[in-house]
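Data block below; observations after.
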Amino acid sequence: MKIKLTVQPGTTDQVKTGHWREIHYPIIDHEKCIGCDLCAKICPEGICFPTSKKNSQGKIFYENDLDYCKGCSLCAEICPVKCITMKEEFK
Ligand code: SF4
Ligand code: SF4
(Lines give C-alpha, C1' and ligand atoms only; values in the text may rest on other atoms or scores of the structure.)
(Ligands and ions follow the chains in the order given, each with its own letter.)
Protein backbone atom coordinates (compact mmCIF):
# COMPACT_ATOMS: atom_id res chain seq x y z
CA MET A 1 0.00 0.00 0.00
CA LYS A 2 1.34 3.43 -0.95
CA ILE A 3 0.95 6.20 1.65
CA LYS A 4 1.78 9.83 0.90
CA LEU A 5 3.06 11.63 3.99
CA THR A 6 3.98 14.95 2.41
CA VAL A 7 1.93 17.57 0.61
CA GLN A 8 2.76 19.91 -2.20
CA PRO A 9 4.20 23.25 -1.05
CA GLY A 10 2.11 26.34 -1.66
CA THR A 11 -1.21 24.59 -1.10
CA THR A 12 -2.29 26.64 1.92
CA ASP A 13 -5.23 28.06 0.00
CA GLN A 14 -6.66 24.54 -0.12
CA VAL A 15 -6.56 24.09 3.67
CA LYS A 16 -8.50 27.06 4.95
CA THR A 17 -9.02 26.53 8.67
CA GLY A 18 -12.30 28.41 8.90
CA HIS A 19 -13.08 28.42 12.61
CA TRP A 20 -10.52 25.76 13.45
CA ARG A 21 -7.06 26.56 14.82
CA GLU A 22 -5.12 26.13 18.02
CA ILE A 23 -6.86 28.03 20.79
CA HIS A 24 -4.72 31.11 20.31
CA TYR A 25 -4.45 33.53 17.42
CA PRO A 26 -1.92 36.31 16.72
CA ILE A 27 -2.69 40.01 16.99
CA ILE A 28 -0.10 42.39 15.53
CA ASP A 29 0.45 45.79 17.11
CA HIS A 30 0.97 47.77 13.91
CA GLU A 31 2.48 50.75 15.71
CA LYS A 32 5.36 48.65 17.08
CA CYS A 33 6.01 46.66 13.89
CA ILE A 34 9.37 47.47 12.26
CA GLY A 35 8.67 45.56 9.05
CA CYS A 36 11.55 43.10 9.53
CA ASP A 37 9.79 40.30 7.58
CA LEU A 38 10.76 37.58 10.09
CA CYS A 39 7.15 36.58 10.77
CA ALA A 40 6.61 36.14 7.04
CA LYS A 41 9.74 34.02 6.75
CA ILE A 42 8.88 31.68 9.62
CA CYS A 43 5.11 31.28 9.22
CA PRO A 44 4.53 27.70 8.03
CA GLU A 45 1.34 28.78 6.28
CA GLY A 46 2.85 31.76 4.47
CA ILE A 47 0.09 34.08 5.65
CA CYS A 48 2.06 37.01 7.14
CA PHE A 49 2.50 39.77 4.61
CA PRO A 50 3.41 43.46 4.34
CA THR A 51 0.54 45.87 3.95
CA SER A 52 0.75 48.96 1.76
CA LYS A 53 0.39 51.20 4.83
CA LYS A 54 2.96 52.80 7.14
CA ASN A 55 2.74 53.33 10.89
CA SER A 56 3.78 56.50 12.74
CA GLN A 57 7.43 55.30 12.67
CA GLY A 58 7.23 55.38 8.88
CA LYS A 59 7.55 51.57 8.72
CA ILE A 60 5.43 49.40 6.48
CA PHE A 61 3.64 47.15 8.93
CA TYR A 62 2.67 43.51 8.55
CA GLU A 63 -0.65 41.72 8.75
CA ASN A 64 -1.75 38.10 8.71
CA ASP A 65 -4.70 36.26 7.23
CA LEU A 66 -6.36 34.53 10.16
CA ASP A 67 -8.58 32.45 7.88
CA TYR A 68 -5.54 30.24 7.30
CA CYS A 69 -3.77 30.59 10.66
CA LYS A 70 -3.10 27.42 12.68
CA GLY A 71 -2.20 29.28 15.88
CA CYS A 72 1.30 27.83 16.12
CA SER A 73 2.77 31.01 17.73
CA LEU A 74 5.99 30.93 15.70
CA CYS A 75 5.44 34.47 14.46
CA ALA A 76 5.03 35.76 18.02
CA GLU A 77 8.12 33.88 19.18
CA ILE A 78 10.39 35.25 16.47
CA CYS A 79 9.20 38.87 16.38
CA PRO A 80 12.22 40.91 17.59
CA VAL A 81 10.11 43.74 19.01
CA LYS A 82 7.43 41.47 20.51
CA CYS A 83 4.60 43.23 18.74
CA ILE A 84 2.67 40.00 18.13
CA THR A 85 0.49 38.81 20.98
CA MET A 86 -1.25 35.46 21.03
CA LYS A 87 -4.81 35.94 22.20
CA GLU A 88 -7.04 33.19 23.49
CA GLU A 89 -9.92 32.41 21.21
CA PHE A 90 -13.32 31.80 22.78
CA LYS A 91 -15.91 29.97 20.75
S1 SF4 B 1 0.40 31.66 14.53
FE2 SF4 B 1 1.57 30.33 13.11
S3 SF4 B 1 0.20 30.02 11.38
FE4 SF4 B 1 -0.61 31.77 12.51
S5 SF4 B 1 0.27 33.58 11.52
FE6 SF4 B 1 1.64 33.01 13.23
S7 SF4 B 1 3.20 31.66 12.34
FE8 SF4 B 1 1.49 31.78 10.88
S1 SF4 C 1 8.25 39.92 13.03
FE2 SF4 C 1 7.22 41.56 14.18
S3 SF4 C 1 8.35 43.44 13.64
FE4 SF4 C 1 8.90 41.89 12.12
S5 SF4 C 1 7.44 42.25 10.41
FE6 SF4 C 1 6.55 40.66 11.73
S7 SF4 C 1 5.21 41.78 13.14
FE8 SF4 C 1 6.60 43.27 12.21
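All figures in this text were calculated on a predicted structure; none of them were measured in a lab. Just follow the structure's listing: the first ligand is 1, and inside any ligand the first atom is 1.
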Considering non-hydrogen atoms of the protein only, which is the closest contact for [atom], and what is the distance?
| atom | result |
| --- | --- |
| atom 2 (Fe) of ligand 2 | Cys79 SG, 2.4 Å |
| atom 7 (S) of ligand 2 | Cys83 SG, 3.5 Å |
| atom 4 (Fe) of ligand 2 | Cys36 SG, 2.2 Å |
| atom 8 (Fe) of ligand 2 | Cys33 SG, 2.4 Å |
| atom 3 (S) of ligand 2 | Ile34 N, 3.4 Å |

Region of Ser73 that comes within reach of ligand 1 [heavy atoms, distance under 4.0 Å] =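 For Ser73, the contact with ligand 1 is made by the backbone alone.
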
Near [X], which atoms of ligand 2 are under 4.0 Å from a heavy atom of that residue?
| X | answer |
| --- | --- |
| Asp37 | 4 (Fe), 5 (S) |
| Ile84 | 7 (S) |
| Val81 | 3 (S) |

Judged by atom type as modelled, is there a donor-acceptor pair below 3.5 Å linking the side chain of Lys70 to the main-chain atoms of Tyr68?
->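 Looks like yes, one N/O pair under 3.5 Å.
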
Does Glu63 offer a backbone N or O that forms a donor-acceptor pair with the side chain of Thr51 under 3.5 Å?
->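 Such a contact is absent between Thr51 side chain and Glu63 backbone.
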
Sequence-distant partners of Lys87, side-chain hydrogen bond (donor to acceptor under 3.5 Å, both in side chains), two or more places apart =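 For Lys87, no residue satisfies side-chain hydrogen bond (donor to acceptor under 3.5 Å, both in side chains) once neighbours in sequence are set aside.
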
Nearest 0.5 Å please: distance from the [atom1] atom of [X] over to the [atom2] atom of [Y].
| X | Y | atom1 | atom2 | answer |
| --- | --- | --- | --- | --- |
| Ile84 | Cys33 | CD1 | SG | 7.5 Å |
| Cys79 | Ile28 | SG | CD1 | 8.0 Å |
| Cys72 | Glu45 | SG | CD | 7.5 Å |

Taking ILVMFWY side chains as joined if any heavy atoms are under 4.5 angstrom apart, and letting links pass through other members, which residues group with Ile42?
->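 Besides Ile42, the cluster holds Leu38, Leu74, Ile78.
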
Distance filter under 4.0 Å to Gly71 heavy atoms, resulting ligand 1 atoms |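 By the 4.0 Å cutoff, the relevant atoms are 1 (S), 4 (Fe).
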
Answer yes or no: is there a side-chain heavy-atom contact under 4.5 Å between [X] and [Y]?
| X | Y | value |
| --- | --- | --- |
| Cys43 | Asn64 | no |
| Pro26 | Ser73 | no |
| Ile47 | Phe49 | no |

Below 2.8 Å of atom 8 (Fe) of ligand 1, tally up the protein N/O/S atoms for me.
->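 My tally for this metal is 1.
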
If a pair satisfies side chain to side chain donor-acceptor pair (under 3.5 Å) and one of its residues is in residues 52-62, list it, with sequence neighbours excluded.
->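 Found Glu31-Ser56, Asp37-Tyr62.
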
